[in-house]
Amino acid sequence: MGRVGVLLLNLGGPDKLEDVGPFLYNLFSDPEIIRLPFSWLQKPLAWFIASRRTQKSQENYKQIGGGSPLRRVTEAQGDALKEQLSSQGQEANIYVGMRYWHPYTEEAIAKITQDKVEHLVILPLYPQFSISTSGSSFRLLERLWQEDPQLQQIDYTVIPSWYKQPGYLRAMADLIAQELDQLPNRDEVHIFFSAHGVPKSYVEEAGDPYQQEIEECTRLIMQTLNRPNPHILAYQSRVGPVEWLQPYTEDAIQELGAKGVKDLVVVPISFVSEHIETLQEIDIEYRELAEEVGIHNFRRVPALNTHPVFVKALADLVIEALKAPSFKLSQVAQMKKKVRIYPPERWEWGMTTSAEVWNGRIAMLGFIALIIELITGHGLLHMIGLL
Ligand SMILES: C=CC1=C(C)c2cc3[nH]c(cc4nc(cc5[nH]c(cc1n2)c(C)c5CCC(=O)O)C(CCC(=O)O)=C4C)c(C)c3C=C
Ligand SMILES: [Fe+2]
Ligand SMILES: [Fe+2]
């Protein structure tokens with residue numbers, strides 16, 4: 001076999017506080033994150049939302065040391081994977097491609113062509129598929145492939161999602177067991193799976209298989225764990241006013257508190273690395289809430305990071321993918337029950353939930369712009385002489 005490469009995909013995160021604004025702008029500029037009727041509105045709206053969110057987001061990053069650990073952790077995972085592959089007789093170069101911050105996917109692709117990689121495995125570091133995560137990275141890669149004849153020479157294969165991988169399930173179950181065993185009444189502790197949320201319309205209108213994969217993954221982890229504990233699944237990190245997958249983590253914590261639950265072990269299930277949503281949102285915000293509602297033993301299962309059983313699982317995935325018939329980027333959408341990757345070919349006007357929401361938001365934006373213009377005396381309407 002010729003030169004082998006593995007491209008690890010992840011979302012990326014700001015390395016320092018000054019990066020937060022531009023990182024958020026990149027994130028909200030992605031039509032897979034925010035769906036709009038007109039593409040020309042994407043950038044101004046991304047700028048508007050990012051500016052409004054930057055300060056709050058910076059405060060959260062300040063609480064975890066002033067930046068995201070995601071790059072460091074992902075690079076460590078890459079190093080560990082290279083070593084593990086080598087010990088299993090497979091030499092490979094590992095490349096990290098982030099969607100919204102350095103090292104960008106484009107930078108990784110440039111290195112891959114420079115190194116003349118012949119066989120490439122594309123492995124998203126999201127166990128479950130969502131339009132907003134792996135889907136967005138695959139779409140970007142599809143575009144890069146179409147534009148570059150050199151890339152088209154590479155024999156590549158994609159792993160769309162891998163939440164059923166036995167080593168991954170084992171590593172998750174072991175980490176949960178370790179936390180349960182720290183508590184005196186370990187078989188009665190509630191296991192709380194906290195998945196990252198997505199807007200409900202992704203699942204119901206666009207056919208995102210994310211919710212189904214999360215639910216199945218939860219069931220498989222519980223089966224692997226093989227303990228009698230009660231468990232619950234809820235969704236965290238909601239952004240904006242639309243409805244996201246329910247129940248929301250904060251509501252579920254409150255309900256458990258009201259029922260008199262005292263011991264909780266929280267399992268972050270959509271992430272394999274520590275980042276802001278484990279270190280700040282769960283460890284600080286949800287812990288505070290849990291204490292307020294009387295859940296005094298609140299423990300969080302650490303992210304897998306470079307857990308050896310997990311790294312071996314990643315290596316097994318790569319080796320199997322190299323042996324199996326290749327799976328192309330264009331096949332992912334077909335396989336995932338005809339997922340309509342955002343934005344749709346044609347904007348659907350009318351009473352669809354998202355169209356209504358966005359029509360309302362655009363009107364609101366226009367209204368805000370008008371108020372600002374009336375107060376400051378500067379703006380588009382003054383420029384064209386209407387005010
Ligand atoms: C607004 C929509 C968002 C969707 C949909 C979304 C889905 C989603 N995200 C992750 C994983 C991560 N998200 C991270 C940061 C992040 N995500 C959003 C918004 C959406 N995510 C924002 C605004 C941010 C920035 C942080 C903030 O201001 O809250 C990160 C990086 C974290 C870091 O340490 O920097 C990850 C990872 C998943 C798995 C997911 C859907 C399945
Ligand atoms: Fe996110
Ligand atoms: Fe988030």
Side-chain angles (χ1 to χ4, degrees), residues 8-17 19-36 42 45-46 49-74 77 96 98-102 124-137 161 163 193-203 206 208-215 217 235-245 268-285 303-305 339 341-342 354 357-358 361:
L8 297 179
L9 300 173
N10 212 331
L11 189 127
D15 298 313
K16 47 190 186 310
L17 291 182
D19 300 339
V20 172
F23 162 73
L24 289 177
Y25 172 75
N26 289 345
L27 186 134
F28 291 118
S29 298
D30 182 357
E32 259 78 32
I33 291 281
I34 291 183
R35 174 162 65 147
L36 285 182
Q42 193 82 39
L45 196 75
I49 303 174
S51 329
R52 281 186 33 158
R53 195 178 170 87
T54 297
Q55 203 186 349
K56 184 182 176 288
S57 192
Q58 276 178 332
E59 315 236 301
N60 293 342
Y61 281 104
K62 252 188 225 161
Q63 293 180 36
I64 62 162
S68 171
L70 204 55
R71 179 178 190 160
R72 183 173 39 76
V73 176
T74 312
Q77 285 166 332
V96 171
M98 301 293 197
R99 184 66 184 87
Y100 307 117
W101 202 246
H102 300 280
L125 287 175
Y126 308 101
Q128 311 85 12
F129 177 92
S130 167
I131 291 168
S132 56
T133 53
S134 308
S136 168
S137 286
S161 68
Y163 62 93
F193 290 89
S194 189
H196 197 294
V198 296
K200 203 172 160 192
S201 63
Y202 282 36
V203 175
D208 195 338
Y210 177 72
Q211 184 178 18
Q212 177 261 314
E213 293 196 4
I214 284 285
E215 286 173 1
C217 182
Y235 294 89
Q236 66 173 87
S237 317
R238 176 171 170 234
V239 179
V242 296
E243 190 183 352
W244 283 40
L245 294 179
I269 191 185
S270 320
F271 319 116
V272 296
S273 319
E274 296 296 353
H275 67 294
I276 195 160
E277 282 147 358
T278 54
L279 299 169
Q280 196 277 333
E281 201 170 2
I282 301 180
D283 289 357
I284 300 177
E285 284 183 31
L304 291 163
N305 289 350
V339 169
I341 295 197
Y342 282 3
S354 49
V357 165
W358 280 108
R361 284 182 188 173

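All values below come from the heavy atoms of this structure, side chains included, with hydrogens, waters and symmetry mates left out. Just so you know, ligand 1 is whichever comes first in the structure, and atom 1 is the first atom listed for that ligand. These numbers come from a predicted model, not from an experiment.
For ligand 1, the polar-atom distance check against His196 finds a nitrogen or oxygen pair separated by under 3.5 Å. Looking at Val239 next to ligand 1, no N or O pair under 3.5 Å apart turns up. Residue-to-ligand polar distances keep Ser132 apart from ligand 1: every N/O pair is separated by 3.5 Å or more. The shortest N/O to N/O separation between Arg53 and ligand 1 falls below 3.5 Å. At least one N or O atom of Tyr61, backbone or side chain, sits closer than 3.5 Å to an N or O atom of ligand 1.
The closest side-chain donor-acceptor pair between Asn305 and Ser273, if any, does not fall under 3.5 angstrom. Residues Glu285 and Gln280 bring a donor and an acceptor atom of their side chains to less than 3.5 Å of each other. Under the 3.5 Å distance criterion, with hydrogens and angles disregarded, no donor-acceptor pair is assigned to the side chains of Ser161 and Gln128.
Each of the atoms 25 (C) of ligand 1 lies under 4.0 Å from some heavy atom of Phe23. Near Gly13, with a cut-off below 4.0 Å to any heavy atom, the atoms of ligand 1 are 35 (O). Less than 4.0 angstrom separates some heavy atom of Ser68 from each of these atoms of ligand 1: 33 (C), 34 (O), 35 (O). Which parts of ligand 1 touch Ser57 is read off a 4.0 Å heavy-atom cut-off, strictly below it: atoms 27 (C), 28 (O). Near Phe28, meaning under 4.0 Å from one of its heavy atoms, ligand 1 places the atoms 1 (C), 23 (C).
Heavy atoms of Gly240 come nearer than 4.0 angstrom to ligand 1 in no pair at all. Note on ligand 1: Pro14 sits in its first shell, one or more heavy atoms being nearer than 4.0 Å.
At a 4.0 Å heavy-atom cut-off, ligand 1 touches Glu277 through the side chain alone. In Thr133, the part holding a heavy atom less than 4.0 Å from any atom of ligand 1 is the side chain. The proximity of Asn60 to ligand 1, defined as any non-hydrogen pair under 4.0 Å, does not occur for either the backbone or the side chain. Here Trp244 has side-chain heavy atoms under 4.0 Å from ligand 1, and that is the only part of it that gets that close. When heavy-atom distances to ligand 1 are checked against a 4.0 Å cut-off, Leu24 comes that close only through its side chain, counted from C-beta outward.
The side-chain heavy atoms of Ser270 and Tyr210, taken from C-beta on, include a pair separated by under 4.5 Å. Contact of the Leu24 side chain with the Thr54 side chain is registered, since non-hydrogen atoms from C-beta on lie closer than 4.5 Å. Asn10 places none of its side-chain heavy atoms less than 4.5 Å from the side chain of Arg99.
Between the CD1 atom of Ile34 and the OG atom of Ser29 there is a distance of 8.5 Å, given to the nearest 0.5 Å. Glu213 CD to Phe129 CZ: the interatomic distance, rounded to the nearest 0.5 Å, is 8.0 Å. The distance from the CD1 atom of Ile33 to the CD1 atom of Ile49 is 11.0 Å, given to the nearest 0.5 Å.
The aromatic rings of His196 and Trp244 sit tilted relative to each other, their planes meeting at an angle between 30° and 60°.
A side-chain contact (heavy atoms from CB on, under 4.5 Å) with Ile214 holds for exactly one of Ile269, Val198, Leu245; it is Ile269.
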